[in-house]
Structures are given as C-alpha cells and as structure tokens.
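Input: a single structure, listed below in structure tokens.
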Amino acid sequence: MENTPASNFLQTIISDDLASGKVTEIVTRFPPEPNGYLHIGHAKSICVNFGLAEANGGRCNLRFDDTNPEKESQEFIESIQQDVRWLGFTWDGEVRFASSYFQQFYEWAVYLVEQGKAYVCDLNAEQAREYRGTLKEPGRNSPYRDRPVAENLDLLARMKAGEFGEGERVLRARIDMASPNMNMRDPILYRIRKMPHHQTGTEWAIYPTYDFAHGQEDAIEGITHSICTLEFEDHRPLYDWFLDNLPVPSRPRQYEFGRLNPSYTITSKRKLKQLVDEAVVAGWDDPRMPTVSGMRRRGYTPAAIRKFCDMIGTTRSDGVVDVAMLEFAIREDLNANAPRAMAVLKPLKVVLTDYPEDKTEMLAAPNHPTREDLGQRQLPFTREVYIDAEDFREEANKKYKRLVLGKRVRLRNAYVIEADAVVKNDAGEIVEVHAHTIPNTIGENPEDGVKPKGVIQWVSASAGKRAEIRLYDRLFNHEAPDRGDNDFMAHINPESLQIVNNAWIEPSLLEALPEQGFQFEREGYFVADRYDHSSEMPVFNKTIGLRDTWND
RNA sequence: UGGGGUGUCGCCAAGCGGCAAGGCACCGGGUUUUGAUCCCGGCAUUCGCAGGUUCGAAUCCUGCCACCCCAGCCA
C-alpha cells in the first residue's frame, strides 16, 4: 500500500496505450519557458512528467520552450536545470531547445503556405483583434486571407530576411474564422521580433508562436504523451491540426491535468515577480517564496516535495490544496531523517548553584530518538545554562509542563533540576533563575520519586554559541490571497519573517553544513542557510514548526 | 444553447451498475527524557440539484445549477 505507484487517469491511459501496442515506450517532457523561476506548480508538473516516465520504464526530456526571446534569458535556463536536478530527476540525453528546431519549423511553415493552409496577414494587432470576433460572435476573414501562394511565399521569405518591422506582418494558418474555438480562428504561426535570441543570436527575425511550435517539438522528439495543464485544453484541436497537416515524424497526443493551487500562496509568475520587484521578499529564492529555490532555501527537501505531489494526486479537477498537506509531507520527511539538536531562541540564564563553576560534563545524546544509525553527539553541561524564557514561570497551573519556581523539570538529555529563586531587574523582569540539580538523574528518575513535570531544551551558557535564527511563517494570511478581486498585496503577513539575533545553540551545530537540516527539539525544523551560514556566524532558517496540539 | 472543462466528508482523492478506499485537517484515548513522533479509536445512510431507467445507481439517461478556462503578434 505504501509503495503503490500513484494511479491516475494519465497512468490509465498510458497502461492502455502500452497494452494495446499503440506505443512501445513512454516518452514525456517537461517544457518550461525560460522566463522565470520554477515554483511549486512546476514541481508538480515535473513530478507528473518525470514520474510517469519513470514508473513506466520510459524517458522524459527537459526542453526549453524558448520561442519568445523577449522574455527569456540564460539565467533562467540555468536555474531551471538546477531545480530539476535538485528535485532528483534526470532528463533523457541532452537538454533540448525549441530554438534548435527553428529551421524545421520554418520549412513546415513554407509547406503549409504551399498547401494553401497558411498566409501572410498584414493586419496590425488591433485590426486582428477586431477581425477575430468575440466569444459569442464569429470573426471575419482577413482581407489578406486569399493571397496567392507565390505572394505568401515571397512575403514569408522577406519576413524571415528581416525586411519588415515588428508587428507589420504575421503568418497565420487558414482554418476557420467562425470557429467557436478562438484558437482555430486563423491562429498566428510566426511573428516578427527583431531581437537577439539567447540561443540563436540574430539568426532569426521571426519567431514561431507556442501553438505552431509545441506539437511539432513533441513530434520531433518522439514524445508519446504530451502532458500539460487544463488551460491548454482549448489548444488541443489546434495542436492536432498542425500534426495532421504537417509531415511530422511521430504523432504525440496531448493530455491535460488540473493545476496545483496551494492555499495561502500564489503561483502567478507575474505576481511572484511583483513580490521580488517591490522587495516584499529578498529575492526569487527567499525562503517564503513558493519557488523551488525558495523552498530549497527554506529547508524543504526534494523527497518531501515529491511526496506532497503524490499525496495530492493528478486529476482533471481544479481545486485548492490545503498547504497543511505540504507541511505534513515536510514534517514527515524531516521527522524521519533530521538529526535532533538543541537551540534556545529566547535565552534565560539558569544558574545551577550546586554545580561547580569549573566543572564541565560531556553528556552523550542520541541524534535521533529512533534512528541509532544517526549516532550521537556530546553535550557540554555546565553550571550556567540557557533555557527558553517561555519555559519558565514563577507559577503556573498543572497543564504547564515546564519549569516552575519550586518545581522540577528535566533538562533534555541531562539532569532534572529544581528552581529555587528568580533574579529580576529594576523593571521587574526575570533575568535569571537559580536552581539546583537533582543528583543521579542522568538517564534516571529522581530517587525520591518526585518526577519532573516535563522536559525542556537547554544550552550551556559557556560552551554554547550565538546564532542568528530566521523565523519564517506563511507569506500570506489569507487562504486565497489572489482569488477573485482580492488584492494579494493587502494580504501579506507582516510577521512572515522575524529575525532572532541572539539565539544560543549547542556547540555541535557549529559543524553544520549549509543546507543541512535539523530538528531543534521542541521548536521545529531548521536548516543552515544555503548562503549565509558558516561556523563563524551560524545562520539557521526555520523550515516548519513542530505540530502543536497543545491546548490552553 | 459561443466553445471547452469540473462537480464524492472542511481540503485532496479512490470508485466506472451491486450497495461510499485512503490521505490531510479535526476530535477522543494510550505510550513517551521533544506538549513531537508512534499507537488505538471517531469522523459522508451519502456522492452539485431534480427527475427517470433498473431488483439495485456516486456509477446509465434527461433536465437544471454552480464553479473554472478561452477574444496575447505570452506560454
């Protein structure tokens, strides 16, 4: 049951195609446009495409759908590859580029013109919109629709040669201006763009549109199942039209699934960019961003993200997935694999008055409660230790399971102590607690039978080290920040980041490597920052808190 | 009657004519040197609504309703 491969409508189609002999091998592809960073929605698409190929002994290509130089760049090409690899997937062969098929696309465009199935149209953008009609009214034929083939050929060649300016002419398919499907109303195949392309330089003055490129890219690569999201469903008839009217080498089929919409987050590239541009976050890889690089810096793991994608399934229905599911997947993975350590976020000094000033005991502590293979580390125990200010009260009701004046508590992996007195400053704030240890309580309960009320984390004041801890929380405090006419900028959680400069960490944490994750006991999961962490200046990001069912 | 989709527990999601899986969340209880984990138990007489077919329907038919996508020379 645990390892049952995700069964969904796509897997059913694939199984049927394999069984019927329609295909002998499954070939999918992940086709991002290099115009931004990958986000959680792309992660799902990656899991679906690579996952299906993997589960069926097939292959999956990574192909950049780089048909619009205006918005694309090499920076994105690199970050996307890095993200896919980080998620744990390996694409088949070399990375592919739609741009490497440009010559073939052009020849096919000429072919369509020769067949009388495409024509050069001189309407400008505004006129074209008028001629296109509306959702409820049919469009009208372009006055250039019946241009002679020879003239079309000549004009197309000159478009390619750069003789015309941007927007002056386009190449369109001759299909049906009265189609109820807007995509079939003589769609544009080529537009003029006098701009260098990141892969082809200044070789081309015209660039194919998504519609005229995607299916052919799939056909060239021998893609069997071209999987995309629901909004492309209306494009499928056009996708098929090109494949039916062109001498393509193979016949891919397009299938669509529902986009992922996690609650409390946005996945619109435009809006994410706005967050970056307006400095609401520190960048595309800010730990609060739903980008793959942001989640990575936050401490989410590839395994957790993949588990989450398995959990939510792949269907054709649209919905909002509770981020609690993502958080569950993160906690599940980290709980099983992250070494434990202790850190105190809000230090309150506890002086163990019975403990010698010059004494240091090294106490062995397991790195994980159930996984012995994770080993153990040494915790220096000294007369002065820090505990979290939240873990001490002068008085409290019986539900409070921490240190209370006159009562006992267990210092995790160390002694049981009993609080004797508090030291306050002029403002009446508690600045220090005096306590004493209960003898022989390492790994044992007190001999007098008076058990501690609870267990709290601590760090030696003299042997511990200072650290910066960045506490991250949800970026939005609204379940659907950009639904309907919500202004997502108005739903930003003002407390999505709180920086703790004077946290105290156990010395073993100085050995943490960037991107290494830990559970700081009783606090949550934290990761050493990918860029800012060092043993000289430790910086940890809060990945996610522990599940908290504490009432009252 | 513009076209294309989707509607099963608060959320995700199985099911495809034989009498509602599972996960998340939530609520109880147990274990526990993490108020974590783990363990046990609870959680849709009902499948958008209304009719119909059938011995029998979430699954078939008909009609409604709701929501999503499409009028970029974006993808």
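Residue numbering restarts at 1 for every chain, and letters A, B, ... go by the order of the sequence lines. Below, all heavy atoms of this structure are taken into account, side chains as well, without hydrogens, waters or symmetry copies.
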What about A:Arg402, does its side chain sit under 3.5 Å from the base of B:G35 through a donor-acceptor pair?
-> yes
With heavy atoms under 4.0 Å as the rule, sort A:Tyr190 into base, sugar-phosphate or nothing.
-> nothing
Strand-adjacent residues in residues 440-449 of chain A, judged by heavy atoms under 4.0 Å from RNA chain B | A:Thr441, A:Ile442, A:Gly443, A:Glu444
Distance between the P atoms of B:U54 and B:G28, in whole angstroms?
-> 49 Å
Contact class for A:Gly319 vs. all strands (heavy atom < 4.0 Å): base, sugar-phosphate, or nothing?
-> sugar-phosphate
With a 3.5 Å cut-off and no angle check, do the side chains of A:Tyr37 and A:Asp83 form a donor-acceptor pair?
-> no
Would you mind classifying the nucleic acid contact of A:Val416 as base, sugar-phosphate or nothing, using non-hydrogen atoms under 4.0 angstrom?
-> nothing
Under a 3.5 Å limit on both distances, the Watson-Crick or wobble mate of B:C67 is B:G5
Syn or anti for B:G7, taking syn as within 90° of 0?
-> anti
Base, sugar-phosphate, or nothing: which does A:Thr67 touch, judged by heavy atoms less than 4.0 Å apart?
-> sugar-phosphate
Any donor-acceptor N or O pair under 3.5 Å, side chains A:Arg236, A:Gln254 = no
Just call it for A:Leu135: base, sugar-phosphate, or nothing, with non-hydrogen atoms closer than 4.0 Å on any strand.
-> base
Closest heavy-atom contact between A:Asp388 and A:Leu348?
-> C-CB, 4.4 Å
Across the strands shown, which category fits A:Arg522 at heavy-atom distances under 4.0 angstrom: base, sugar-phosphate, nothing?
-> base
Minimal heavy-atom distance between A:Thr314 and A:Asn8, with the atoms involved, is O-CB, 3.3 Å
So, A:Phe518 versus A:Phe526, ring centres under 6.0 angstrom or not?
-> no
Report which part of the nucleic acid A:Tyr210 touches: base, sugar-phosphate, or nothing (heavy-atom distance under 4.0 Å, all strands).
-> base
Donor-acceptor pair under 3.5 Å, A:Asp234 side chain vs B:G3 base | yes
If we call it a pair only when both distances are under 3.5 Å in a Watson-Crick or G-U wobble match, what pairs with B:C43?
-> none
Check whether any side-chain N or O of A:Thr549 sits under 4.0 Å from OP1 or OP2 of B:A36, and answer yes or no.
-> yes
Could you tell me whether A:Arg331 contacts a base, only the sugar-phosphate backbone, or nothing, with contacts defined as non-hydrogen atoms closer than 4.0 Å?
-> nothing
Across all chains, not counting sequence neighbours, the salt bridge (charged side-chain N to carboxylate O under 4.0 Å, His left out) partners of A:Arg306 are A:Glu54
Assess whether one donor atom and one acceptor atom, taken from the side chain of A:Gln457 and the base of B:U34, lie less than 3.5 Å apart.
-> no
Salt bridge check: are A:Arg270 and A:Asp482 linked by an N-O gap of less than 4.0 Å?
-> no
